[in-house]
Amino acid sequence: MPPKVLPGFRDFYPAEFSVRAHILDTWRRIVRRYAFMEYDGPPLEPLELYTQKSGDEIVGQLYSFDDKGGRAVAMRPEMTPTFARMVAARAQALRKPVRWFSVPQLFRYERQQKGRLREHFQLNVDIVGEADVLADAELLSVAIQICCAFGLDRTDFYARVSDRRLLNALLANLEIDADAWPAVYAVLDKLERQPRDVSAEKLAAAGLGDVARETVLGFGAFDSVDALRVRFGGSPDVAVHLDRFAEYTSHLHALGVGEYLRLDLTIVRGLAYYTGIVFELFDAQGEFRAICGGGRYDNLLNALGGVDLPALGFGMGDVVLGELLKARGKLQEVSVPSPDVWIIPSEDTSVAHVLHTATVLRHAELSVEYVLSSDKLHSRKSGAQLKDAQKAGARIALVFRDGVRAEVMVLGSEHAGERAVVNTGEWTASVADLSSILSLLGR
RNA sequence: GUGGCCGUAGCUCAAUUGGUUAGAGCACCGGAUUGUGAUUCCGGGGGUUGCGGGUUCAAUUCCCGUCGGUCACCCCA
């Protein structure tokens with residue numbers, strides 16, 4: 001028995017690869033509409049790239065080892081450090097704002113569970129050098145439009161959005177000591193899943209008074225800027241952030257995705273480096289974990305690369321997204337590639353002519369297949385070869401009636417039966433009238 | 001790292017309280033038939049029942065371990 005695939009890794013057979021290609025192609029197609037440019041870095045990085053910065057719970061789950069040169073290395077678990085290094089190295093020369101994206105395969109050594117493997121492909125979209133909220137709106141807009149491009153709509157997913165600055169202002173307004181904020185964040189993050197009394201207990205342990213504690217426990221109920229204004233609008237320190245969020249919302253409506261937006265103060269995002277608006281995309285039925293997450297991290301480039309530039313970005317993995325698309329029937333039409341043309345020779349058609357014909361058609365960008373045995377090309381009955389063609393999903397069969405003349409037959413259900421006769425004897429790679437074939441293929 | 005559930009053909013599953021040579025459909029391969037074809041029929045390959053040990057006259061079945069899968073916790077790209 002040959003070794004199996006490692007736990008948490010995937011083999012992509014053609015059917016699965018088609019799904020993967022569909023996802024990655026769609027990512028690229030939509031992101032390019034927003035004029036983002038693709039980049040990439042090494043899949044293997046110095047371990048130090050991930051351990052140097054603080055707040056790395058990731059380190060314990062790194063796929064790391066010593067290479068043959070004794071270097072401590074790690075398979076990249078996230079793209080941001082690489083991105084930060086690349087931007088920092090040329091920060092002066094890059095036209096701002098930088099709008100780049102990447103589709104790296106990322107690795108993580110942890111026990112797999114639903115929606116989480118040890119490897120996945122993740123779209124990373126980032127903007128560097130713009131602090132205005134319009135950049136935040138642009139970013140979320142891309143994420144939402146991508147999901148829409150997969151055929152998902154308002155009934156399938158929505159965006160939960162918060163703002164670290166707003167949240168901090170609210171906590172300050174409630175006179176919660178800054179030292180307790182991380183604990184409050186942790187509670188907010190689990191507010192939905194954790195029993196209320198457990199949350200209350202943790203908040204009390206963090207030093208919150210009764211009023212602050214009850215207010216925080218009720219944060220989930222604030223689902224709009226207006227709701228917050230009623231309660232906190234009187235405070236100028238809070239109002240400034242509410243105004244910004246309102247502007248953000250306004251931009252998103254103008255971008256056509258405002259309906260997907262939902263203010264949600266319980267969206268915290270685990271990573272400590274977020275500094276502004278943060279968001280996560282969820283399926284509407286709450287069946288899967290977050291499809292996508294991101295936000296503004298204005299201090300990270302400075303911490304990582306020594307360059308003081310505002311930045312924001314998000315990541316979207318192929319695993320959860322793929323599960324959601326499959327569950328919602330959005331992968332039905334994703335098909336494995338099949339040949340355009342299947343060539344079936346007659347007794348009088350030489351093997352060489354079959355090969356020549358295939359070559360001409362292939363020069364015309366058509367995918368061509370035929371039985372790969374000189375003997376069978378002639379011994380196998382045309383009916384059987386026709387069956388081969390159908391099994392392969394060929395769109396048309398080129399069935400020779402004599403040495404060089406062939407009948408073009410459309411297979412499949414749609415236009416099955418349509419046909420034309422062509423004389424392949426006149427075909428050369430440079431001069432070939434393939435119009436009858438191309439028209440039957442709908443080209 | 002902790003815990004629950006589950007491992008039979010490529011896939012979906014079956015196999016009497018533990019009992020003969022572990023079966024079926026689909027898929028795959030070969031053939032017959034049908035000159036417009038997704039039909040039908042015949043045949044074939046494919047399994048150390050995840051692996052190892054134990055109990056037993058006898059283990060796919062019961063027990064232990066291990067590996068793998070899955071779900072949850074932890075944590076979160």
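Values in this document were obtained by computation on a predicted structure and should not be read as measured data. A note on names: the letters A, B, ... follow the listed sequences, proteins ahead of strands, and every chain is numbered from 1. Basis for what follows: all heavy atoms, side chains included, without hydrogens, waters or symmetry-related copies.
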* Asked: Can you tell me which stems RNA chain B forms when a stem means 3 or more consecutive Watson-Crick or G-U pairs under 3.5 Å?
  -> B:1-7 with B:67-73, B:10-13 with B:23-26, B:28-32 with B:40-44, B:50-54 with B:62-66
* **Partners meeting side chain to side chain donor-acceptor pair (under 3.5 Å) with A/D163 (sequence neighbours left out)** => A/R165, A/R244
* Asked: Which residues pass the side chain to side chain donor-acceptor pair (under 3.5 Å) test with A/R29, sequence neighbours left out?
  -> none
Could I get a table of every N or O pair under 3.5 Å where one atom is in the protein and the other is in nucleotides 66-73 of chain B?
{"unit_1": "B/G69", "atom_1": "OP1", "unit_2": "A/Q112", "atom_2": "NE2", "d": "3.0"}
{"unit_1": "B/U70", "atom_1": "OP2", "unit_2": "A/Q112", "atom_2": "OE1", "d": "2.7"}
{"unit_1": "B/U70", "atom_1": "OP2", "unit_2": "A/Q112", "atom_2": "NE2", "d": "2.9"}
{"unit_1": "B/C71", "atom_1": "OP2", "unit_2": "A/K114", "atom_2": "N", "d": "2.9"}

* Asked: Under the salt bridge (charged side-chain N to carboxylate O under 4.0 Å, His left out) test, which residues partner A/R380, sequence neighbours left out?
  -> A/D388
* Asked: Can you name the residues that form a side chain to side chain donor-acceptor pair (under 3.5 Å) with A/R71, not counting sequence neighbours?
  -> A/D67
Cut-off 3.5 Å, no hydrogens considered: what does the side-chain donor-acceptor table look like for residues 176-186 of chain A, sequence neighbours left out?
{"unit_1": "A/D177", "atom_1": "OD2", "unit_2": "A/D179", "atom_2": "N", "d": "3.1"}
{"unit_1": "A/W181", "atom_1": "NE1", "unit_2": "A/I176", "atom_2": "O", "d": "3.2"}
{"unit_1": "A/Y185", "atom_1": "OH", "unit_2": "A/N168", "atom_2": "OD1", "d": "2.4"}

* Could you pull out all residues at least two apart from A/R20 that satisfy side chain to side chain contact (heavy atoms under 4.5 Å, CB included)? => A/F12, A/F17, A/L24, A/F121
* To do: For A/H251, enumerate each residue passing the side chain to side chain donor-acceptor pair (under 3.5 Å) test, keeping only those at least two apart in sequence or located in another chain.
  => A/E247
Using nucleotides 40-47 of chain B, report all nitrogen or oxygen pairs with the protein that are shorter than 3.5 Å.
none

* Asked: Is it the case that A/S102 and A/E38 place a side-chain donor and acceptor less than 3.5 Å from each other?
  -> no
* Quick one: list whatever passes side chain to side chain contact (heavy atoms under 4.5 Å, CB included) with A/D132, sequence neighbours left out. => A/E130, A/L134
* **Sequence neighbours excluded - ring pair (Phe, Tyr, Trp, His ring centres under 6.0 Å) pairs with any residue from residues 287-313 of chain A** => A/Y273-A/Y297
